[in-house]
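To keep things clear, I will list the structure first and then write my remarks on it.
Only heavy atoms go into these numbers, but all of them, side chains included; no hydrogens, no water, no symmetry mates. What you see is a predicted model; the values in this text were computed from it and never measured. Just so we're on the same page: letters track the sequence lines, and every chain starts at 1.
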Protein chains: 2
Amino acid sequence: MRTSLKKSITLSDVAKTAGVTSMTVSRVVNQNGYVSEETREKVLRVVKELNYRRNGLARGLKRQRTDTVGLVLGDIANPYSAELARSIRDVTTERGYNLFICISEHSGKEDVAAFESLTDHQVDGIIVATRSNRMGDEYLHEMIERGVPVVCVGRDFHDENADTVTADALNGGFQATQHLIDLGHKKIAFIGATLSSGQNLKRFQGYLQALKANNLKIDERLMTGNTEANDDAPGYSTEKLGYEAMKRLLALPNRPTAVFARNDFTAIGAINAIKESGLKIPSDISIVGFDDIPMAMHTYPALTTVRQPTRRQGTLAAEFLLRRVESKAPVELEEKVLECELIVRDSTAQLKR
Amino acid sequence: MRTSLKKSITLSDVAKTAGVTSMTVSRVVNQNGYVSEETREKVLRVVKELNYRRNGLARGLKRQRTDTVGLVLGDIANPYSAELARSIRDVTTERGYNLFICISEHSGKEDVAAFESLTDHQVDGIIVATRSNRMGDEYLHEMIERGVPVVCVGRDFHDENADTVTADALNGGFQATQHLIDLGHKKIAFIGATLSSGQNLKRFQGYLQALKANNLKIDERLMTGNTEANDDAPGYSTEKLGYEAMKRLLALPNRPTAVFARNDFTAIGAINAIKESGLKIPSDISIVGFDDIPMAMHTYPALTTVRQPTRRQGTLAAEFLLRRVESKAPVELEEKVLECELIVRDSTAQLKR
DNA sequence: TAATCTTCTGTTATCGTTCACATACGTTTC
DNA sequence: GAAACGTATGTGAACGATAACAGAAGATTA
């Protein structure tokens, strides 16, 4: 038996059955305005009996708000995305908003599709955590121009009416490299350099700056770049990249004594390559990752890495967004950059001399 | 300068400016009905000029459908969820539907909240991929009763009006264990037994059945259970569980020669414990995982595991859902069980004698 | 030539809810 | 005892879009 084609119960269905007007039922359901205890009970009984559910479309249309915000994620498989989504949801839930997530993993076209489907549904605001790209960014500016509250997270973007929250990846990269330098390392490789802009580039720049600040030689052979794997590849897929890059680095006549990998997945791949070669971590080679994914503390040896304050990024972004959503007046621009933290575990050690 | 409080442009704003009625504009925007080329161009010009966007709420309200489906995910950090979401999205996108994702990671209460926010917004149907639980299931039945098309994926649930798609985890567990038995192993441990029902239990049951079918002794000391970590913990967190369980198994006077882990994360944890103990994989100990997460092929040694056809589950679920959404007539129940596939890599080998 | 069809546009009502206002009665206050 | 207030309900319009129908002009057919 199929029930799907039942017409749905409306406020006035309930009203009719309860012998009141729909306005009264509305008041009961939304718990505002005056309703006598007697009427309230009667209405609630009928609501239950008919299994009434309010129609959010009609409600949203009339109220001109939906109490819903959207989140657009690139790379849903990344633990970073997962934690970001969770932390955002915690805030939105607490403040009485629903959170709808859309994925856009490949192209600006998908970004636009996600933005459109969310604005179509009149979400009250949107948090954007995709990789930045021309087409998506253009549409973002348009949306903002149209008045949609927008906050960007962990992503390059600038608009005088959109807040941003990012981690200081440059300084994070600097810290990681400085840590290796402090341990006496001089031949420090970088795995996963990328030509495109964005957060990954910043990590690499931090590495370069640290080398320069310490007057170390910058050796291009020690920097493995982004060749076949494109930059949009999901995080975990870079493990293979790390494995292969490390193989190449180990084959160098003058192999590095330390490695800084663009992210933990890459680092894990590198660790596997090192183990396979018979070298020991950290006594023969030190390695540092980036992101502090949950697995980082469980690798063997436990991975030294740079933690970006993901949860804080999420909660801040959500708060910035809701501030815009709820404000009647113009809102001042927020562009928050959060500090990264070096987490020293067992994969790095003093250089043997 | 803040633009958010601009009132938004409606159909009739466009109509007024273009000197036609809103009906004509609607026809242009939706590309249906007759409109002269001249009028169409004029309207499109005004649409662009005013930056008009249609209001999906009003549209959905009138049309009684939103061309949107919802997906409720438990454990967003799990690669399985990511791939499921992607495959579902591929289908919905191609068929002209938007996909909104909600997360419900902890409780039945969160399930219900997710269901409510989706039905509130009048999605045309919902795909459910959370862990089953009493409260959530009850509400699901209610929703289905109310006529909301529902499909469940990878999850225990039965309702004569909701399709289900699952992988045959029992047979998967059986295959994994049989593989180890075929390699000559007799002392086969299981890591991550769980008392609660669900897919994880099935894997364990498959293990037990394979032992029985081969007349092997069932040794409870070789089955590490679900003690501190609760069953709702996200997938990756079980790596620690695997590490600790393996430590315990290695300390047994008569240690196992093979291990079947409830999932790949657990297996990776176990691998780390084994390596740490100085034993070699697979020559000293064979290990099999479950899920074939992307990282499984990158571990060292590459992990033998059981692959569930995640992508197929997603596309089937989406197709089943849209079939229900688009059908005017009653729909026959589908309860699809897909076969798992054993992926033999390098972490399993013939028992040394 | 009349009847029919095709093309184009407009009119009206409606989707389900809530806002703003109106009404009515009882209670307080000075 | 009249003005003011609190409580309880109802009325009508509106949110922005579209389905259904209607009308008018030109093209085609019988």
Side-chain angles (χ1 to χ4, degrees), chain A residues 5-44 46-47 50-68 116 119-124 146-147, chain B residues 5-44 46-47 50-68 119-124 146-147 328:
Chain A
L5 308 167
K6 238 188 265 186
K7 66 158 191 7
S8 56
I9 304 296
T10 73
L11 263 194
S12 55
D13 291 331
V14 175
K16 218 167 290 169
T17 314
V20 294
T21 56
S22 26
M23 200 53 225
T24 303
V25 180
S26 170
R27 276 189 270 253
V28 171
V29 172
N30 294 296
Q31 314 198 43
N32 60 20
Y34 293 113
V35 183
S36 73
E37 195 45 40
E38 194 191 0
T39 312
R40 147 171 284 110
E41 273 169 22
K42 186 171 54 186
V43 169
L44 284 178
V46 177
V47 162
L50 298 185
N51 201 4
Y52 165 78
R53 297 279 145 182
R54 74 174 168 216
N55 183 322
L57 298 187
R59 183 162 201 256
L61 176 59
K62 181 61 195 178
R63 296 179 62 215
Q64 297 291 80
R65 56 194 309 243
T66 52
D67 297 339
T68 298
E116 277 194 322
T119 49
D120 231 54
H121 284 262
Q122 309 290 114
V123 294
D124 294 338
R146 230 182 300 133
Chain B
L5 308 167
K6 238 189 262 184
K7 68 156 187 9
S8 56
I9 305 296
T10 72
L11 261 194
S12 55
D13 291 332
V14 176
K16 219 166 288 169
T17 315
V20 294
T21 56
S22 28
M23 201 54 227
T24 302
V25 181
S26 168
R27 278 190 270 255
V28 171
V29 172
N30 294 296
Q31 313 199 45
N32 60 21
Y34 293 113
V35 183
S36 72
E37 196 44 41
E38 194 192 0
T39 313
R40 147 171 284 108
E41 274 168 21
K42 185 173 56 185
V43 168
L44 284 178
V46 177
V47 162
L50 299 186
N51 201 2
Y52 165 77
R53 296 281 145 182
R54 76 172 166 218
N55 183 321
L57 298 187
R59 184 164 200 255
L61 176 59
K62 178 63 194 175
R63 297 179 62 217
Q64 298 289 78
R65 55 192 311 244
T66 52
D67 298 338
T68 298
T119 49
D120 231 53
H121 285 261
Q122 308 292 112
V123 294
D124 294 338
R146 230 183 297 133
K328 303 252 169 225

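Note on the helix from dT1(C)-dA30(D) to dC30(C)-dG1(D): terminal axis deviation equals 40°, with five pairs used at each end and the result rounded to 10°.
Counting to the nearest Å, the P atom of dT14(C) and the CG atom of Leu61(B) are 14 Å from each other. Going from atom CG of Asn55(B) over to atom C1' of dG16(D) covers 6 Å, rounded to whole Å. Between the CG atom of Asn30(B) and the C1' atom of dT9(C) there is a distance of 16 Å, rounded to whole Å. Atom CD of Glu37(A) and atom P of dT9(D) are 11 Å apart (whole Å). Rounded to a whole Å, the CG atom of Asp13(A) is 10 Å from the P atom of dC15(C). One can place CD of Gln64(B) at 13 Å from P of dT18(D), the figure rounded to the nearest angstrom. Taking atom NZ on Lys62(B) and atom P on dA17(D), their separation rounds to 13 Å, with Å as the unit. Rounded to a whole Å, the CG atom of Leu11(A) is 14 Å from the C1' atom of dG10(D).
Phosphate contact (OP1/OP2 of dT7(D), side-chain N/O of Ser36(A), threshold under 4.0 Å): absent. Proximity of Tyr34(B) to the phosphate of dT7(C): a side-chain N or O atom is located under 4.0 Å from OP1 or OP2. Between dT9(D) and Thr39(A), a contact under 4.0 Å exists linking OP1 or OP2 to a side-chain N or O. Remark: Arg59(B) is not in phosphate contact with dG16(D), judged by side-chain N or O atoms under 4.0 Å from OP1 or OP2. A sub-4.0 Å separation between OP1 or OP2 of dG10(D) and a side-chain N or O of Thr24(A) is present. Phosphate contact (OP1/OP2 of dT18(D), side-chain N/O of Ser26(B), threshold under 4.0 Å): present. Phosphate proximity of dG10(C) to Thr21(B): present, with a side-chain N or O under 4.0 Å from OP1 or OP2.
Nearest nucleotide to the Arg63(B) side chain, out of dT18(D), dG10(C), dC19(C): dT18(D). The side chain of Ser8(B) lies closest to dG16(D) when the candidates are dT17(C), dG16(D), dA20(C). Nearest nucleotide to the side chain of Arg54(A), out of dA19(D), dT17(C), dG10(D): dT17(C). Side-chain atoms of Val35(A) lie closest to dT9(D) of the nucleotides dG16(C), dG10(C), dT9(D).
You'll find the side chain of Arg54(B) reaches within 4.5 Å of the side chain of Asp120(A), heavy atoms only. Between Glu116(A) and Arg53(B), the closest side-chain pair of non-hydrogen atoms falls below 4.5 Å. In this structure the side chain of Asn51(B) never reaches within 4.5 angstrom of the side chain of Ile9(B), judged on heavy atoms. Considering only heavy atoms from C-beta on, Tyr52(B) stays 4.5 Å or farther from Val46(B) through its side chain. The shortest side-chain heavy-atom distance between Thr39(B) and Val28(B) does not fall under the 4.5 Å cut-off.
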- [ ] Decide yes or no on side chain to side chain contact (heavy atoms under 4.5 Å, CB included) for Asn55(B) and Leu61(A), but give the supporting numbers first.
- [x] CA-CA 9 Å; Asn55(B) 183 321; Leu61(A) 176 59; 4.1 Å; yes

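Across all strands, Arg27(B) comes closer than 4.0 Å to base atoms (heavy-atom distances).
Closest of all the heavy-atom pairs between His121(A) and Thr66(B) is CE1-CB, 4.1 Å.
Applying the 6.0 Å contact sphere to CD of Glu37(A) captures more than 12 heavy atoms from other residues, nucleotides or ligands.
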